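Just below is one structure, and these are the notes that go with it.
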Amino acid sequence: MRSHLCGELRPDHVGERVTVCGWAARRREHGEHLAFVDLRDHTGLVQCVVDGAHDLRGEYVLRITGTVRPRPEGTTNPALATGEVEIGECEVEVLAEAEPPPFPLDDRADDVDETVRLRHRYVDLRRAAMQRNLRTRAAVNSALRRAMDDQGFVEVETPLLIASTPEGARDFVVPSRHRPGTFYALPQSPQLFKQLCMVGGVDRYYQIARCLRDEDLRADRQFEFSQLDAEMSFAGQEDVLACIEAAVGAAVVAVTGEQLGEVPRMTWREAMDRYGSDKPDVRFGMELVDLSEAFAATGFNAFAGATVKGIRHAGASEATSRNRLDDLTDRAKRWGAKGLVWMRVEAADDGGVTLASPIAKFLSAEELAEVARRMEAEPGDVLYLVADEWARTAHVLGLLRLELGRPPVTEGGLRFLWVVDFPLFESVDEATGRPVPAHHPFTMPHAEDVALLDGGAEDLLSVRSQAYDLVLNGWELGSGSVRIHRPDVQQRIFDLLGIGEEEAQAKFGFLLDAFRYGAPPHAGFAFGVDRLVALLLGEENIREVIAFPKTQSGTDPLTSAPTAIDATQLEELGLRLLPPRT
RNA sequence: GGUCCCGUGGUGCAGUUUGGAGUGCACGCCGGCCUGUCAAGCCGGAGGUCGCGGGUUCAAAUCCCGUCGGGACCGCCA
């Protein structure tokens, strides 16, 4: 049907008779004698010169046969890759007529209401930016598969219809027709199946797996997403990190052409202390400064006995109004802080600085001087302090740091980071005394910390696990761990978590059974492909790298999903609907 | 579950603070003119439930309440 693609024509093609197909991106009419039509396909635009009468409208689907010729002196267009040539003596065949598109298909569409774009996604996808995103995503998938294949990983497909487990995210659920009243769940991840693959001698498993979680949507979260999921036998943390780095590095090369280099590491504890986050955005500083010692003997009740930390917003005093400070204080409270202390740094007569703050009068001169010293305060800065228990102080200041200092997604480069030594337990339930797992209950404790499992709440919370996250520019790309493969250790963890034998059998019985038949030591990882592609492309929203995404409320403006189903379908499934909640 | 922002011809906006006739801009669309344009140009035209409902008022795009839709975030996402 065609001999060339629109975007590939160059002066080399001059004199050739070519046939191209595409959409009429723009037309410039000069009466019935002459018109210029920019024909667009996925490779770009080429100018076609149409002589004589015609009726060509925007987005008509055309097949144009003509002769490639150089553009006349002075009419070349350096903005187009094909701008030195044009197609002349055109024969035009209208393959399909088209209504005017609902929004412009050039860069101006970046400002169009996203609902309108999604409702007409098939038109939106024609745009150069969306074509670039789809094709970059395909290149990343391809690079990931090649890298995993090259490292001896085997791609195994795991089921989509699986048994529901109450842990973790809310399941999407599918009713069974054969057994009315029972349900499949769609996988939140292939976690248990990939471990079964290890027992099954697969040795190195991977899959670009669709995962589904019925949780609230965000800029970096959709119901459905894709993970590069991997698991390795006879391997530990270092093996996994090396293999994942190779895969991610291949994706980075495929998109940017640049080598990844060594990915730095940071312990979870250090990440929380310095950045107030387990997924620190290390593209910028504004690190948390610990001030607890400065207030060890303070008379200011709000600071006494608390973890006090601060961040310094350099040079921001003039641009930060009192209104803004009040607003930030409100936010800090919504984030869980008791309050937010701010201090404006001003030049003092003696050449030092003074800290102007509503609470300055409650602090001693020594304390104020120590704050200024530790935070390296300069005149014109604003300091923000939070005092609370360690985790809350870090969390609130971590959010405040992002609010005040986070650069746009397109700036600061690609700053990958391994966060290692996550705690095994996130918290200890005050009512039951049971620890709450931070990852999943098959995560191997750090060898050096096993003795602490016998201790009290404080000991339990200090147990490190062999779990690790990969972070890129403040987004959690993925996480993994070394798994427990020994039944006795697993039993120990279940006991601690209060998971009885019956419950364990009901929830993961098949995995525990499998382990009785000889489980190799194994470890794995999974990271989100949508997030990786978005960040590689400088998109701040993963919907831009998904062909048909859903809105924040989980609907699809194109298909109107989710929709009601008819009574016969419900009947067949043995389901009856409750009246709508009021 | 919560906080905040947005909703005005097909698209993007101004108008909302301080109520006074659907007033305006750009693009697109339709018609006309135009033989070297390139986000072509010139002339003319059509196109509106100011998201929806209620309230206040002589009068509401504008103020108030509710609601729907979209977005960002907190919680949630082992």
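Just so it is clear: chains get the letters A, B, ... in the order the sequence lines come, proteins before strands, and each one is counted from 1. Since the model is a prediction, treat every value here as computed from it, not as a measurement.
Within 4.0 Å of A/Thr555, counting heavy atoms only, lie sugar-phosphate atoms of the nucleic acid but no base atom. Contact annotation for A/His120: no contact, since no heavy-atom pair falls under 4.0 Å across all strands. Among the protein residues, A/Ala438 comes within range of the sugar-phosphate backbone only, with heavy atoms under 4.0 Å from sugar or phosphate atoms but none that close to a base. Using a 4.0 Å heavy-atom distance criterion, A/Thr165 is classed as making no nucleic acid contact.
The same atom, C1', is picked in B/G15 and in B/G22; the two are 11 Å apart, to the nearest Å. B/A61 and B/G9: their C1' atoms are spaced 14 Å apart (whole Å).
A straight line from CD of A/Gln188 to C1' of B/C76 spans 13 Å, rounded to a whole angstrom. Between the P atom of B/U3 and the CG atom of A/Leu400 lies a distance of 21 Å, rounded to the nearest Å. The nearest whole Å value for the distance from the CZ atom in A/Arg221 to the P atom in B/A72 is 11 Å. A straight line from CG of A/Leu399 to P of B/C76 spans 12 Å, rounded to a whole angstrom. We find that CG of A/Asn541 is positioned 14 Å from P of B/G70, with the value rounded to whole Å. Atoms CG (A/Leu118) and C1' (B/G70) sit 10 Å apart, rounded to a whole Å. Whole-Å rounding puts the A/Phe223 CZ to B/C76 P distance at 18 Å. Residue A/Glu403 contributes atom CD, which lies 18 Å from atom P of B/U3 at whole-angstrom precision.
Contacts between residues 207-219 of chain A and RNA chain B, defined by a heavy-atom separation below 4.0 Å, involve A/Arg213, A/Glu215, A/Asp216, A/Arg218, A/Ala219, listed by number.
Scanning for side chain to side chain donor-acceptor pair (under 3.5 Å) contacts around A/His440 gives A/Gln191, A/Arg483, with sequence neighbours left out. A/Trp418 meets the side chain to side chain donor-acceptor pair (under 3.5 Å) test with A/Glu245; sequence neighbours excluded. Under the rule for a side-chain contact (heavy atoms from CB on, under 4.5 Å), the partners of A/Leu196 that lie at least two apart in sequence or sit in another chain are A/Phe193, A/Phe510, A/Leu511, A/Ala514. Evaluation of the side-chain contact (heavy atoms from CB on, under 4.5 Å) rule for A/Asp330 yields A/Arg334 as partners, not counting sequence neighbours. Partners of A/Thr320 under the side chain to side chain donor-acceptor pair (under 3.5 Å) rule, at least two apart in sequence or in another chain, do not exist in this structure. Scored by the side chain to side chain donor-acceptor pair (under 3.5 Å) test, A/Asp530 finds A/Arg137 as partners (sequence neighbours excluded).
When each of A/Thr115 and A/Val436 is assigned the nucleotide of RNA chain B bearing its nearest heavy atom, the one mapping closer to the 5' terminus is A/Thr115.
Distance alone, capped at 3.5 Å, places no donor-acceptor pair between the A/Gln188 side chain and the A/Leu212 backbone. A donor-acceptor contact shorter than 3.5 Å is absent between the side chain of A/Lys550 and the backbone of A/Phe223.
In this structure, the side chains of A/Asp229 and A/Tyr205 come closer than 4.5 Å at one or more pairs of heavy atoms.
Put simply, A/Ser553 has no side-chain N or O that comes within less than 4.0 Å of OP1 or OP2 on B/G69. Residue A/Arg543 places at least one side-chain N or O closer than 4.0 Å to OP1 or OP2 of B/A72.
Across all strands shown, B/A40 has no partner, as no Watson-Crick or G-U wobble contact with both distances under 3.5 Å is found. With a cut-off of 3.5 Å on both pairing distances, B/U16 has no Watson-Crick or G-U wobble partner at all. Pairing for B/C63 is with B/G55, a Watson-Crick or G-U wobble pair whose two hydrogen-bonding atom distances lie under 3.5 Å. Nucleotide B/G22: unpaired (no Watson-Crick or G-U wobble partner with both distances less than 3.5 Å). As the counterpart of B/U35, no nucleotide is assigned, since no Watson-Crick or G-U wobble pattern has both distances under 3.5 Å.
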Original post:
When every nucleotide of nucleotides 27-38 of chain B is labelled 5' to 3' by its protein contacts under 4.0 Å (heavy atoms), B for base, S for sugar-phosphate only, - for none, what sequence of letters results?
Top reply: S-SSS--BBBBB
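The side-chain hydrogen bond (donor to acceptor under 3.5 Å, both in side chains) analysis of residues 97-106 of chain A, with sequence neighbours excluded, yields the pairs A/Asp106-A/Arg108. Legend: side-chain hydrogen bond (donor to acceptor under 3.5 Å, both in side chains) pairs involving residues 468-479 of chain A, not counting sequence neighbours: none detected.
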Atom pairs and distances, side-chain donor-acceptor, residues 496-508 of chain A, under 3.5 Å, sequence neighbours left out:
{"unit_1": "A/Glu503", "atom_1": "OE2", "unit_2": "A/Lys507", "atom_2": "NZ", "d": "2.4"}
{"unit_1": "A/Lys507", "atom_1": "NZ", "unit_2": "A/Glu167", "atom_2": "OE2", "d": "2.8"}

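The CZ atom of A/Phe284 sits 12.0 Å away from the CD atom of A/Glu411 when rounded to the nearest 0.5 Å.
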If you restrict it to nitrogen or oxygen atoms, what contacts under 3.5 Å exist between nucleotides 4-7 of chain B and the protein, and what is each distance?
none

